[in-house]
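Here the structure comes first, spelled out in structure tokens, and everything after it is commentary.
Read the numbers this way: they start at 1 and go in the same order the structure lists the ligands and their atoms.
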Amino acid sequence: MSAETLHISEIFHSIQGESSFAGWPCAFIRLARCGHGCIGCDTAYAERDGVTLEIEEVIQKAIAFQAPFIEVTGGEPLLQPAVHGLMRQLCNLDKKVLLETGGFLSVGEVDQRVHKIIDLKAPSSGVCDQNNPENIELALAAEPPHRHTFEFKIVIASKEDYKWATSLLHQYQLSSSFTVMMGVAFGKLEPAELAEWMLRDRLQARMQLQLHKYIWDPGLRGV
Ligand code: SF4
């Protein structure tokens, strides 16, 4: 693959379902392939198919939606080095760019203008031991306003996940400097249960639901 092309799973227009941008219309660029193997991955189809497109074509398709935000997601977008050129060019066009990453690769090379939504995988994902520690270090070392372009997301499927997440939050004091979004694994944990734990523990984090799974059929792709 040349530096000017990307392997793309889908480009679509939807309502941002997660993160501190939930609720905003958003254009999504989903890059194909990941291979991280999280248990319960809800975009497994991004492993199987995809098309190779020139970066310019990807940009034109995404900006045609005229959405206030463009999210680069996957799969794992950081597996393809050309993604950096894509994000840089979108930023140069004054687009508000979000990156959602599975958190096992470093975000160190990502353009500082990009808002980074970094997964911290909890034990039930099966890949908790592969969270890249550099991402928390980079976030903690960043000075404002760059510091505000880091955001963390933790999906909770069990009480064990919740205990792991609270201990991580306390260890790094993450909530005092960053938005930390805590959500339930759809169909695995009742939102009311997580809400109860968070309120009981006076947890300084934001609860989120995967909005798109409530608006549309949870199994639908391209939303
Ligand atoms: S990092 Fe994301 S895309 Fe990759 S396997 Fe895990 S959930 Fe799926």
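Heavy-atom separations between Glu47 and ligand 1 are all 4.0 Å or longer.
Atoms of ligand 1 found under 4.0 Å from any heavy atom of Gly37, numbered from 1 in the order shown, are 5 (S). Heavy-atom proximity to Thr43, at under 4.0 Å, picks out these atoms of ligand 1: 3 (S). Residue Gly75 has at least one heavy-atom neighbour below 4.0 Å for each of these atoms of ligand 1: 3 (S).
Tyr162 and Trp197 have tilted rings, their planes meeting at an angle from 30° to 60° on a 0 to 90° scale. The aromatic rings of Phe178 and Phe150 sit perpendicular to each other, their planes meeting at more than 60°, with 30° as the lower class boundary.
When His36, Glu100, Arg30, Lys121 are checked for heavy-atom proximity to atom 7 (S) of ligand 1, Lys121 turns out nearest.
Regarding atom 6 (Fe) of ligand 1, its nearest protein heavy-atom neighbour is Cys38 SG, 2.3 Å.
Under 2.8 Å from atom 6 (Fe) of ligand 1 lies no N/O/S atom of Cys41, from backbone or side chain alike. Metal site remark for atom 8 (Fe) of ligand 1: Cys34 contributes no N, O or S atom at a distance under 2.8 Å.
Contact check on Asp161 versus Lys188 returns no salt bridge, with no Lys/Arg side-chain nitrogen under 4.0 Å from an Asp/Glu carboxylate oxygen.
For Gln80 and His7, the side-chain atoms include no donor-acceptor pair closer than 3.5 Å.
Counting heavy atoms from C-beta on, the side chains of Leu31 and Leu79 never come closer than 4.5 Å.
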| His115 and Phe69: CA distance, side-chain angles, deciding distance, ring-ring contact (aromatic ring centres under 6.0 Å, His included) verdict | CA-CA 10 Å; His115 186 90; Phe69 298 94; 9.0 Å; no

